[in-house]
Amino acid sequence: MAPPKPEAPAQTASTADTSTSADLDLHPALHPSITSVPVTPGVHLAGQSAYIEPEDIQKDAELPFDPEAVTPGPQWNANSYFSPKEEGRAESPAEAAAGAQTGDELLKRLSLIPDKAAEGKDLADLDPRAAHPGLNLSGRVISATFTVPYNVKYSPGADWELNPRRGTSALYDSFSYLASSSSPWNHVLVGWTGEIEEYNVLRPHSSASFNSATGQSQSNKASAPIPVDASAPPPPPPEGVRVSRADRARLEKQLERDHGGNVVPVWLIDEMDEKDDVAILKEQTRWRRYAEHELYTLFHYKMNAPADGRAARKSWADYYRMNKLFADRILDVYQPGDIINIHDFYLLLLPNLLRQRLPNVYIGFFLHIPFPSSEFYRCLSRRKEILEGILGANMIGFQSYSYSRHFSSCCTRILGFDSSSAGVDAYGAHVAVDVFPIGLNAASVQQQAFGDPVIREKVKGIRELYAGKKIIVGRDRLDSVRGVAQKLQAFEMFLEKYPEWLEKVVLIQVTSPSSVQADKDDDNKVINKISDLVARINGDYGSLSYTPVQHFPQYLSREEYFALLRVADAGLITSVRDGMNTTSLEYIICQKGNHGPLILSEFSGTAGSLAGAIHINPWDLSGVADSLNKALTMPEDEREKQHVKLYNHVIANNVQAWTNNFLKRLMTNLSSFDQSFATPALDRTKLLYQYRQSKRRLFMFDYDGTLTPIVKDPQAAIPSDRVTRTLKTLAADPANSVWIISGRDQKFLEDYLGHIAELGLSAEHGSFMRHPRSDTWENLTEKTNMSWQDEVLGIFQHYTERTLGSHIERKKIALTWHYRRADPEYGAMQARQCQKHLEKTVAKKYDVEVMTGKANLEVRPRFVNKGEIAKKLVQAYGEGPGDAPDFVLCLGDDFTDEDMFRSLRQSKLPQENVFSVTVGASSKQTLASWHLVEPADVISVISLLNGSADAGNVGAVAVVEGSVPESRL
Ligand SMILES: O=P(O)(O)OC[C@H]1O[C@H](O[C@H]2O[C@H](CO)[C@@H](O)[C@H](O)[C@H]2O)[C@H](O)[C@@H](O)[C@@H]1O
């Protein structure tokens with residue numbers, strides 16, 4: 001049974017605007033004061049059966065989908081902003097068809113659309129938890145996004161003013177859907193308040209007005225009070241926005257009251273006036289600087305000139321702090337079983353910050369902008385921290401396949417993690433990577449574009465204004481990556497190459513302010529360039545009666561925007577980098593009945609999903625000019641065919657389907673990788689207690705990755721002084737039997753650990769054993785046929801010759817092919833090939849096992865393995881009551897060590913006396929019962945047992961991991 005949704009207030013929120021990227025958007029579940037119609041799930045258009053109507057989309061949605069999923073919940077009123085009487089009137093044959101959707105039939109449908117909750121329909125039918133009982137889901141999604149969907153304005157002591165925030169509309173639509181009664185989830189939205197602007201604030205000591213959002217004062221002589229005493233000292237500098245506790249509480253309450261408790265603000269505060277409990281907000285744009293100046297730029301393949309070191313450190317510190325404050329806020333509202341969905345480049349550190357504090361939490365992350373290739377990404381000075389931050393998620397989503405591939409490749413190249421198209425193996429945990437191109441609230445856009453008589457009038461007006469001319473439409477943000485300059489240059493080339501179009505075509509270009517605010521210099525450069533180009537084209541090709549480029553550097557009203565998209569004969573998108581271009585999706589919907597082709601940059605994330613568009617390279621001006629000519633001369637039947645394909649895609653892949661699909665895939669990944677059973681951190685209290693109680697103890701330690709960290713060169717992985725001292729002390733206790741069980745050969749173990757006579761050594765994964773206080777090695781493979789070795793060597797040589805940087809490590813029995821020094825992706829690919837090769841040949845003929853290790857492949861006889869050695873040692877003690885060791889500690893980090901853990905589980909030893917510990921992340925798939933993060937922790941734990949003062953950071957780790965601090969032992 002789905003938990004009840006919070007009571008939705010009787011409000012009148014808007015659906016009139018939900019998914020346009022026209023920067024004028026009001027988000028239905030989120031805007032309190034505008035009345036509108038509910039979104040229609042669509043109406044059939046007679047005679048156009050090739051189209052999928054919005055009402056059909058549930059067929060494609062992956063969750064059990066409700067036919068009204070595209071309609072808002074009960075909080076949306078059916079008050080129409082258009083007059084029912086006007087709806088039946090069609091304007092042109094094409095529009096008559098499209099108009100039918102918004103006529104009487106539509107109205108009938110609108111009034112007939114029942115609310116599921118009102119109908120008493122049980123959302124339990126749609127409850128995704130039923131499909132994943134193992135996950136213990138709470139039924140709630142917490143979405144973390146940079147800003148709440150409002151610009152908030154503040155006047156001390158008064159109600160806060162909340163105005164819908166422009167842009168990011170598809171995402172806000174997704175939140176509206178989750179919050180609505182059409183979705184089976186409960187929803188909480190966590191976001192920064194954004195820059196808080198003050199109104200009605202008197203600043204008695206200052207003659208300057210104060211821009212509270214930027215922290216800058218502005219001279220405003222007209223309104224400045226006249227100084228009483230000209231010789232008085234200058235007024236104190238502005239202090240920033242001061243928000244009292246009561247006012248903070250008021251905003252929280254307002255958001256709660258207006259939105260069913262769904263919006264939780266994050267307060268980013270510069271200083272606290274503790275005395276009065278007042279939050280002081282000074283330079284508010286600082287919180288966006290690192291994300292917008294460094295990340296947004298680099299992720300769009302633009303390089304900044306190096307900043308001065310102090311400024312760079314400050315903006316990084318702000319970024320870290322901002323992510324940390326998000327984590328704190330989420331922890332305030334988190335309940336076990338919640339899914340946390342984190343959005344975009346402002347919050348790249350958040351997944352890992354949460355994972356550190358909630359090891360078993362379910363986290364999805366979605367990047368809305370491109371992810372660059374590793375060649376570009378690696379220029380980022382914080383490249384490791386950023387990747388590690390994102391990898392705290394269970395699943396990471398991208399807009400297009402190439403971005404997901406770039407990300408996985410960066411994880412391999414920069415962090416050395418194995419990756420495939422399915423995901424990244426990070427610290428032993430699998431992080432799924434997948435592609436989810438975002439969609440629109442398609443039904444709402446269609447409803448708005450065709451259901452508003454004002455728009456119809458505007459369509460008529462624009463047609464009259466440009467009668468006899470074809471209209472090419474472009475609408476972009478002011479941002480160099482949107483390629484507006486390229487668009488203008490290509491249009492200029494088009495007029496030059498195809499002079500027959502002179503006087504017969506106009507380019508209407510709307511350029512609205514950039515969504516990122518940190519880079520005003522860049523904006524100014526772009527504005528100047530665009531103005532120059534417009535002036536040049538209109539000067540060269542225009543006349544008194546003809547202006548080929550109509551440039552509007554402004555926001556358009558919703559009505560004008562949709563009208564423009566409807567009348568266009570071609571849409572032109574020339575972004576040079578772009579995560580997902582929602583204008584192109586809106587254009588497709590608006591072209592229903594008109595069929596204007598879409599010319600789309602291949603560098604837009606949208607291109608991957610819109611195969612039916614005319615794809616262009618925006619840098620190839622002549623090619624774009626040809627495509628314009630092609631689009632404008634395309635026969636109607638071809639235009640229609642192309643359009644139907646695009647339209648059906650946009651309808652089927654709407655934002656509701658996107659939301660459901662993302663969550664469904666996240667849950668599937670969580671189920672398949674069984675994240676709910678994260679391995680707990682080793683309980684040192686329990687370990688020490690048991691150690692002190694016991695009389696006969698057995699220790700089994702793997703070597704590489706357990707006692708020493710993994711390094712590039714195998715010969716360089718030698719034990720530190722601390723390691724040998726710690727092992728020596730442990731082994732010196734007569735009650736302790738200490739073994740090193742390694743894949744290393746006898747020589748290596750003897751050279752570095754052989755001098756500790758009390759240690760038992762097992763080399764080459766169990767092929768050889770040297771008992772404590774003995775000089776001789778026992779060969780456990782003596783009678784084995786070794787003829788497989790030559791064949792394996794031949795195959796390894798073949799791959800070594802073809803893989804620069806790889807080498808073969810020849811041991812007596814086992815053979816290892818290392819590729820850690822090769823190109824990481826190529827090395828991993830060659831290893832996969834080599835493994836297949838070996839499995840198809842040698843492994844079929846001989847009883848040998850091919851094992852994948854850490855940047856290596858190893859082959860050894862199947863019957864010798866670490867599990868057999870563990871079994872042998874336990875048996876040597878005796879497993880029965882009285883004989884069995886009363887304390888066993890076994891530690892290892894890789895695949896070959898799992899054999900030891902398995903063997904211990906299968907033994908008859910009382911399991912409470914056995915501590916099997918993997919070295920790596922808690923989310924690693926393992927048979928061990930506990931985990932430690934890294935080799936340094938292993939040494940600390942052994943020191944702890946030794947009673948040594950040098951037990952290192954045990955206390956700190958214990959606190960972080962929820963164990964009892966050492967001081968309390
Ligand atoms: O069983 P282990 O003691 O964990 O040994 C496994 C293999 O470890 C060594 O290779 C690994 O560690 C190297 C040093 O950190 C690293 O450079 C390499 O990439 C790793 O694969 C060793 O060379 C092998 O012989 C062992 O079988």
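In listed order, ligands and their atoms are each counted from 1. The analysis underlying the following values was restricted to heavy atoms, covering all of them including side chains, and did not include hydrogens, waters or symmetry mates.
- The shortest contact between atom 2 (P) of ligand 1 and any protein heavy atom is with Asp702 OD1, 2.9 Å.
- For atom 7 (C) of ligand 1, the candidate residues are Glu858, Arg821, Lys854, His765; the nearest heavy-atom contact is made by Glu858.
- A salt bridge links Arg744 to Asp704: at least one charged side-chain nitrogen sits closer than 4.0 Å to a carboxylate oxygen.
- Heavy-atom distances between Lys811 and ligand 1 reach below 4.0 Å in at least one pair.
- When Ala814, Gly416, Ser742, Ala717 are ranked by how near their heavy atoms come to atom 3 (O) of ligand 1, first place goes to Ser742.
- Within the 4.5 Å cutoff, no side-chain heavy atoms of Ile741 are placed close to those of Asp702.
- Near Arg820, with a cut-off below 4.0 Å to any heavy atom, the atoms of ligand 1 are 16 (C), 17 (O), 18 (C), 19 (O).
- Identified under the ring-ring contact (aromatic ring centres under 6.0 Å, His included) test for residues 715-739, with sequence neighbours left out: Trp739-His771.
- A salt bridge is absent between Asp883 and Arg696: the closest approach of a Lys/Arg side-chain nitrogen to an acidic carboxylate oxygen does not fall below 4.0 angstrom.
- Of all protein heavy atoms, the one lying nearest to atom 10 (O) of ligand 1 is His818 CE1, 3.4 Å.
- In this structure the side chain of Leu391 never reaches within 4.5 angstrom of the side chain of Pro351, judged on heavy atoms.
- At least one N or O atom of Gly743, backbone or side chain, sits closer than 3.5 Å to an N or O atom of ligand 1.
- Arg355 has its side chain within reach of Val361: a pair of non-hydrogen atoms, C-beta onward, lies under 4.5 Å apart.
- Listed by number with element, the atoms of ligand 1 under 4.0 angstrom from any heavy atom of Tyr703 are 3 (O).
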Please table the atom pairs, donor to acceptor, closer than 3.5 Å between any side-chain atom in residues 900-907 and protein atoms at least two apart or in another chain.
{"unit_1": "Arg902", "atom_1": "NH1", "unit_2": "Asp899", "atom_2": "OD1", "d": "3.0"}
{"unit_1": "Ser903", "atom_1": "OG", "unit_2": "Gly867", "atom_2": "O", "d": "3.2"}
{"unit_1": "Arg905", "atom_1": "NE", "unit_2": "Leu927", "atom_2": "O", "d": "2.7"}
{"unit_1": "Arg905", "atom_1": "NH2", "unit_2": "Leu927", "atom_2": "O", "d": "2.9"}
{"unit_1": "Ser907", "atom_1": "OG", "unit_2": "Leu904", "atom_2": "O", "d": "2.7"}
{"unit_1": "Ser907", "atom_1": "OG", "unit_2": "Leu909", "atom_2": "N", "d": "3.3"}

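- Listed by atom number, the atoms of ligand 1 under 4.0 Å from Asn856 heavy atoms are 21 (O).
- A salt bridge is absent between Arg820 and Asp713; no separation between the charged side-chain nitrogens and carboxylate oxygens falls under 4.0 Å.
- Counting the atoms of ligand 1 from 1 in the order shown, those under 4.0 Å from a heavy atom of Lys866 are 1 (O), 2 (P).
- Taking 4.5 Å as the limit, some side-chain heavy atom of Val424 sits within range of a side-chain heavy atom of Val433.
- When each atom of ligand 1 is checked for a heavy atom of Glu809 under 4.0 Å away, the hits are 22 (C), 23 (O), 24 (C), 25 (O).
- For atom 17 (O) of ligand 1, the nearest non-hydrogen atom of the protein is Val711 O, 2.6 Å.
- For Asp704, a nitrogen or oxygen atom sits less than 3.5 Å from a nitrogen or oxygen atom of ligand 1, counting backbone and side chain alike.
- Residue Lys712 touches ligand 1 through its backbone alone, judged by heavy-atom distances below 4.0 Å.
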